[in-house]
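For the numbers below, each heavy atom of this structure counts, side chains included, while hydrogens, waters and symmetry mates do not. Convention: sequence-line order gives letters A, B, ...; per-chain numbering from 1. Source: prediction; values computed, not measured.
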Amino acid sequence: MTVLYNDPTHFREELIEGFVAAYGRLVRRVPDASGVIATQPRPRSQVALVIGGGSGHYPAFCGYVGPGLASAAVMGNVFAAPSAEQIYRVTRAAAGDGGVLFCYGNYSGDVLNFDLAEQRCQAEGLEVRTVRVTDDVASAPQGEESERRGIAGDFFVFKIAGASAARGDDLETVARLAQKANDQTRSFGVAFGGCTLPGQSAPLFVVEPGQMELGLGVHGEPGIQSSHLRPAHEIAGLLLETLLANAPAALPPRVGVLLNGLGSTQYEELFVLYKDVHRLLVAAGLAPYHPVVAEMVTSLDMAGCSLSLCWLDDELLPLFDAPCTSAAYTKF
Amino acid sequence: MTVLYNDPTHFREELIEGFVAAYGRLVRRVPDASGVIATQPRPRSQVALVIGGGSGHYPAFCGYVGPGLASAAVMGNVFAAPSAEQIYRVTRAAAGDGGVLFCYGNYSGDVLNFDLAEQRCQAEGLEVRTVRVTDDVASAPQGEESERRGIAGDFFVFKIAGASAARGDDLETVARLAQKANDQTRSFGVAFGGCTLPGQSAPLFVVEPGQMELGLGVHGEPGIQSSHLRPAHEIAGLLLETLLANAPAALPPRVGVLLNGLGSTQYEELFVLYKDVHRLLVAAGLAPYHPVVAEMVTSLDMAGCSLSLCWLDDELLPLFDAPCTSAAYTKF
Amino acid sequence: MDAVAQSVVHRWLAEALALMVEHEAELGRLDAAAGDGDHGATMVRGLRAASAALTGATGSSGQLLQQAGAAFADAGGASGALVGALLATAGQQLGDGPCDLPTVTAALRAGADQVARLGKAQPGDKTLLDALYPFLRALAAPPPTQSLTVAWKAALPAAEQGAAATSSLVARRGRAAKLGARSLGHPDPGAVSITYLLRALLATEL
Amino acid sequence: MDAVAQSVVHRWLAEALALMVEHEAELGRLDAAAGDGDHGATMVRGLRAASAALTGATGSSGQLLQQAGAAFADAGGASGALVGALLATAGQQLGDGPCDLPTVTAALRAGADQVARLGKAQPGDKTLLDALYPFLRALAAPPPTQSLTVAWKAALPAAEQGAAATSSLVARRGRAAKLGARSLGHPDPGAVSITYLLRALLATEL
Ligand SMILES: Nc1ncnc2c1ncn2[C@@H]1O[C@H](COP(=O)(O)OP(=O)(O)O)[C@@H](O)[C@H]1O
Ligand SMILES: Nc1ncnc2c1ncn2[C@@H]1O[C@H](COP(=O)(O)OP(=O)(O)O)[C@@H](O)[C@H]1O
Ligand SMILES: [Mg+2]
Ligand SMILES: [Mg+2]
Ligand SMILES: [Mg+2]
Ligand SMILES: [Mg+2]
C-alpha cells in the first residue's frame with residue numbers, strides 16, 4: 001500500500017523535492033525539469049551518463065547520481081517513462097563537451113521517449129549514444145536478447161558506465177563498456193505479492209497464498225508464469241538454473257552478484273536465500289565477486305526478489321571496483 | 001509475510017551464513033557463536049564496539065560491522081535478544097586490550113543478557129562498559145528518558161561510538177561519547193501495518209484501513225496509540241512536533257536526521273514525507289545536516305517509518321562525518 | 001484563423017478529459033492485467049496537460065492540436081509519447097485546412113502512421129493501432145462529401161470492435177509483449193482509451 | 001546419584017516441551033498483543049535446547065536442572081535469560097537434596113527470587129512472577145510432610161489464577177511495559193507459560 005502521500009497527482013514532484021532536500025550534498029534539481037544532476041562538478045570533457053525511467057524503483061534512478069556513477073537522472077511519474085521533453089532538459093543541463101550516454105531499462109515508453117530526446121539532441125549537434133539494459137531472461141528467449149526488458153541489472157550497467165566515464169574514457173568507449181556490461185549480465189526473479197500505486201487501493205496483482213510468480217517485472221507486472229511456492233533452497237536452485245541456462249557463452253568464472261529485494265521482502269529472507277545461492281554458484285564453478293544483497297532496483301512495495309549475475313572479465317572488473325558516491329551506493 | 005525460508009527454527013543460522021557468504025570481504029563468522037566480527041584487523045589497543053540484538057532489524061545489527069563502525073555484532077533469533085553465552089563468545093573474539101563497549105537498544109531481554117555477559121567478562125578481567133540506546137520518545141515520558149526503548153537512533157549512536165573507537169579514544173571516552181550521542185538523539189514513529197514472523201501466517205498486529213499507529217516499536221509491537229491516517233504533510237507535522245516537544249535542552253541547531261523506513265514502506269513515500277519534514281525542520285530553526293532517508297533499522301516487513309534527530313554539537317560532528325565501511329553504510 | 005474550428009479542439013479536450021476521468025480506474029485495471037496499471041492515470045495526466053496548455057490559446061485547429069500533442073507528450077510513458085505524437089502529427093497535417101471529412105481523415109491517418117513508425121508497431125500487435133486503423137478504414141467508406149459528424153459516428157463501432165478484438169491478440173509491442181500468452185483475454189488499454197478519445201469528438205457537436 | 005529423581009527431570013522436560021508446542025501459537029498471540037509475538041517460539045526453543053543438552057546426561061536432579069537452565073538460557077530473549085536462571089538457580093539450590101515438598105519449594109523460591117533480582121521485577125509488574133509467587137504461597141500451605149505431587153496439584157490453580165489475573169495489570173517490566181495501558185486486557189505470556197511448565201511436572205508421576 002502507498003499510504004504516505006498528499007495529492008497523488010503531485011507524487012513525483014514531491015518526491016523529487018524531498019530527495020533533493022535530503023541529498024543536497026550530492027544532487028541538485030535541474031531547474032524546470034523532472035530530474036537531478038550531480039552537484040560535484042566534472043571535467044567538461046567527461047562523458048555525461050544520463051539515466052532515468054519511471055519513479056517507484058528507488059534507488060533507481062536518482063539514488064545513483066554522484067561521482068563515479070551517473071551524472072544525472074530523469075524521473076518519470078510512478079512507472080511511467082519520463083517524457084522526451086524532460087529527458088532533453090536534463091540532458092542539456094548535464095552535458096559537457098564529451099557527449100552523452102543514455103542508459104535505461106528496455107521498455108517501450110522509455111525507448112520512445114529517450115529516442116525522441118536523442119534525435120533532438122543530435123539535431124542540435126550534441127553527440128548522444130544509447131545503451132538499453134536488457135538483463136531479464138524471462139522476458140524474451142535466447143536469440144532475442146535485445147528484446148528483453150531491464151530489471152536489477154541496471155545496477156551493474158550503471159556502475160560500469162559511470163566508472164568508465166569518471167576515468168575519462170571517450171563516448172565510444174563508455175558506450176562499448178556499458179554495452180558489454182549489459183551483454184554479460186543476466187537476471188531472473190520471483191514475486192510473492194504485487195504493489196499498489198499511489199492513490200489506488202488495490203495492488204496491481206495478487207499472488208494467491210502458497211503461490212509465486214516466476215519472471216517478475218519491476219513495474220508490478222505479474223510474472224511470466226505462476227508456480228507453487230517452494231522452500232528458499234529450492235527457489236535458489238530455480239533462480240540459478242534459469243540464469244545458467246541463459247548464461248553468456250564462454251566467459252571466465254568471476255561474477256558480480258546482486259540479490260535484489262523488490263520492496264517488502266525482508267532483508268533477512270534475502271540472506272537466507274543467499275546462503276544457498278552462494279553454495280550453488282560455487283558448485284557451478286562460478287566465483288562470486290563482492291556480492292550485494294540489498295534493495296537496488298525496487299518496485300514500490302512489491303514482494304519478491306531477483307538474482308543478477310554480471311560476468312566480470314578483466315576489462316570490467318576495475319570499473320566495478322572503482323570508487324563512487326551516491327545516495328544509494330558508495331564504494332571506496 | 002515471511003515467505004523465503006526453509007525451516008523457521010533455522011532461520012537465524014541460515015541468515016548468518018548467507019550474510020557472511022555475501023559480505024565475507026567485510027565480516028567473518030565468530031566460530032561457534034551467533035555473531036560476526038570485522039575481517040579487517042584493528043590495532044589491539046582500540047576499544048572493541050560490540051553491538052547486537054534480535055534479528056529482523058537488518059541492517060541492524062550485522063550490517064553495521066566494519067572499519068569505523070562496530071567491531072562485532074551478536075545476532076539473536078528474530079526479535080529475541082541474543083543469549084548471554086553468545087554475547088560472551090562474540091565479545092571474547094572481538095576484544096583486544098582496549099576494553100569493550102556494549103551498545104544496544106534498551107529492551108528487557110537485551111539488558112538481561114548483555115548484563116549477564118558483562119558480569120562474566122568483568123569477572124574474567126575484561127573491561128566492559130555499556131551504553132543503551134533510548135531514543136524512542138513514545139516509550140516513556142520526559143524525566144524517565146533512561147527507561148525508553150531504542151529504535152532507529154541506534155544508527156547515530158553506533159556511528160559515533162564506532163568513529164570514536166576507530167580514532168583511538170580510550171574506553172572511558174568512547175563510552176562517554178556514545179552516551180552523549182544517545183542523550184542527544186530523539187526518535188518517534190508511525191506504523192501502517194504489522195510484520196509476520198518466519199513460520200507464522202498472521203501479522204503481529206493489523207492496522208485497520210484509514211488508521212495508523214503512533215509510537216511504533218521495531219519488533220512488531222503495536223503503537224502506543226491508534227489514530228486516523230492523515231496526508232503525508234500532516235504526519236510530517238506530527239512527527240516533528242512530538243520530537244521538538246521532547247528535544248534535549250539548549251543545544252546548537254545542527255541536527256543529523258534519519259527518516260527510517262521499517263521495511264515495506266516505499267522509499268518514494270519516505271521522500272514525499274521528507275519534503276515537509278525538511279521544511280518544518282528549517283522553519284523550527286534547526287539546521288538539517290546530511291540527512292539520511294533509508295532503511296537503517298527495520299522490523300521485518302512492517303509498514304511505517306520513524307524520524308530521528310541527533311543534535312550534533314562540535315564534539316559529535318567530526319565523529320558523524322568520519323569515514324566508515326560496512327555492508328549497510330559506507331562513508332568517505 | 002477559424003474561430004469555430006478552434007473551439008472544437010478546446011471542447012473536444014474537455015469532453016475527452018471528462019470521459020477519461022470516468023474510465024480512469026477501468027483503464028488502470030486493464031493495464032494491470034499484463035502491464036503496470038497506470039494507463040488511465042497517464043491518459044488523464046496527458047489530457048489535463050493538453051487542456052492547461054490550450055487555456056487562452058488561439059490558432060487554427062491544426063495549430064491547437066499540435067500544441068495539445070506537445071503538452072500531452074509531456075505526460076510521459078509509452079502512451080504519452082504515442083498519443084502526443086498522434087495529436088501533434090494530425091495537427092501538423094491538418095494545418096489551416098478545413099474540418100471536413102477528407103481533410104480530417106488524412107490528418108488522422110498521418111497521426112496513426114506516425115504512431116506505427118515511432119512504436120515500430122503494426123496492426124495486430126495489440127496496441128492502440130488496432131482501434132485506430134479499423135476506424136480509419138470505416139471513415140474512408142462514405143463519399144468525401146459526407147458530413148464529418150455522420151461519418152465519425154458511423155465509424156465509431158469499427159474502433160470499438162477493433163479494441164474489443166484485441167482481447168484475443170497476444171501483445172507484440174509495449175510492456176505486455178514481455179508476458180507472452182499472459183496478455184490474452186484482456187483488451188489492450190491503449191486501444192480502449194483511443195475509442196474514448198474518438199467518441200469525445202461526437203459530444204462536441206462538430 | 002538418584003536415578004529416579006534424574007529421570008524426573010528428563011520426563012518433566014519431555015512433558016513440558018509437548019505442552020509448550022501445543023500452546024506455542026497461543027503464547028505467540030498473547031505476546032503479540034503488547035509485545036513481539038515470539039514468546040511461544042522462545043519457550044519451545046529453550047525447552048528443545050534443554051532436552052538436547054540432557055540427552056544421555058546423568059547426575060542429581062539438581063545438577064540436571066542446572067544444565068537444563070544453562071541450555072535454556074541460550075534460547076535468548078527475556079524469557080530465555082529468566083526461565084533459564086529460574087531452572088539453573090532452582091537446580092543449584094536443590095543440589096543433591098531429595099525431591100520432597102520442603103526442598104523443592106525452597107529451590108523454586110530461590111529460582112523465583114533470582115528472576116525477580118535479574119529482571120528487577122516485583123509481584124504486580126505483570127510478569128511470570130505473578131504466577132510463580134502465588135504458586136509458591138500455595139505450596140507453603142500444606143504440612144511439610146505432604147506428598148510433593150498432592151501439594152503441587154493443589155497449588156496449580158493458584159498459579160493459573162495468578163496468570164489469569166495479570167490481564168487486569170498494566171505491565172511495568174519487559175517489552176509490554178513501553179505500551180502503558182495497552183497491555184491491559186491480556187494475560188502476561190510469561191505468566192501463562194510458567195503454568196504450563198508447572199503443570200508438566202504433574203504428568204511425570206513424581
Ligand atoms: N511500441 C508501441 N507501439 C504502439 N503502441 C504501444 C507501444 N507500446 C505501448 N503501446 C500502447 O501504449 C499502451 C500502454 O500505455 P501506458 O500504460 O500509458 O504506458 P506504459 O507502458 O509506459 O505504462 C498499450 O496499451 C499500447 O496500446
Ligand atoms: N524484566 C523482567 N522481569 C521479569 N519478567 C520479565 C521481564 N521482562 C520480560 N519478562 C517476562 O518475559 C516475557 C516475555 O518473554 P519473551 O517474549 O520470550 O521475551 P522478549 O520480550 O525478549 O520477546 C514477559 O511476558 C514477562 O513475563
Ligand atoms: Mg507505465
Ligand atoms: Mg522477543
Ligand atoms: Mg502502463
Ligand atoms: Mg516476546
Subject >> Part of D/Ala33 lying under 4.5 Å from any heavy atom of chain B >> reply: backbone
**OP:** Please flag which part of B/Val78 lies under 4.5 Å from any non-hydrogen atom of chain D: side chain, backbone, both or neither.
**Re:** backbone
**OP:** Would you mind checking which part of B/Ser226 comes under 4.5 Å of any heavy atom in chain D, side chain (CB onward), backbone (N, CA, C, O), both or neither?
**Re:** both
**OP:** State whether the number of non-hydrogen atoms from other residues, nucleotides or ligands found under 6.0 Å of D/His186 atom NE2 is greater than 12.
**Re:** no
Original post:
Can you tell which of B/Ser34, B/Pro82, B/Ala81 has the highest number of heavy-atom pairs within less than 4.5 Å of chain D?
Top reply: B/Ala81
Subject >> Interface residue of largest heavy-atom contact number with chain D, from B/Gly54, B/Ala140, B/Ala84, B/Ala80, under 4.5 Å >> reply: B/Ala80
Original post:
Is any side-chain heavy atom of B/Leu112 closer than 4.5 Å to a side-chain heavy atom of D/Leu82?
Top reply: yes
Original post:
Distance-only, no hydrogens or angles: does the B/Asn113 side chain make a donor-acceptor pair with backbone N or O of D/Gly77 under 3.5 Å?
Top reply: yes
**OP:** Rounded to the nearest 0.5 Å, what's the gap from OG1 on D/Thr42 to CZ on B/Phe79? Could you check?
**Re:** 12.0 Å
Original post:
Hey, what do you get for CZ (B/Arg89) to CG (D/Asp74), rounding to the nearest 0.5 Å?
Top reply: 6.5 Å
Original post:
Of the backbone (N, CA, C, O) and the side chain (C-beta and beyond), which part of D/Ala85 lies under 4.5 Å from a heavy atom of chain B, both, or neither?
Top reply: neither
Subject >> Region of B/Phe205 in contact with chain D, defined by heavy-atom distances below 4.5 Å >> reply: neither
Original post:
chain D heavy atoms under 4.5 Å from B/Leu197: which part of the residue, side chain, backbone, both or neither?
Top reply: side chain
**OP:** Given side-chain contact (heavy atoms from CB on, under 4.5 Å), test B/Asn77 with D/Arg45 step by step and report yes or no.
**Re:** CA-CA 10 Å; B/Asn77 284 287; D/Arg45 200 162 60 233; 3.0 Å; yes
Original post:
For the atom pair CD (B/Gln200) and CZ (D/Arg29), what is the distance rounded to the nearest 0.5 Å?
Top reply: 9.5 Å
**OP:** Please state whether the side chain, the backbone, both or neither of B/Leu116 comes within less than 4.5 Å of a heavy atom of chain D.
**Re:** side chain
Original post:
Where does D/Ala81 contact chain B at under 4.5 Å (heavy atoms): side chain, backbone, both or neither?
Top reply: both
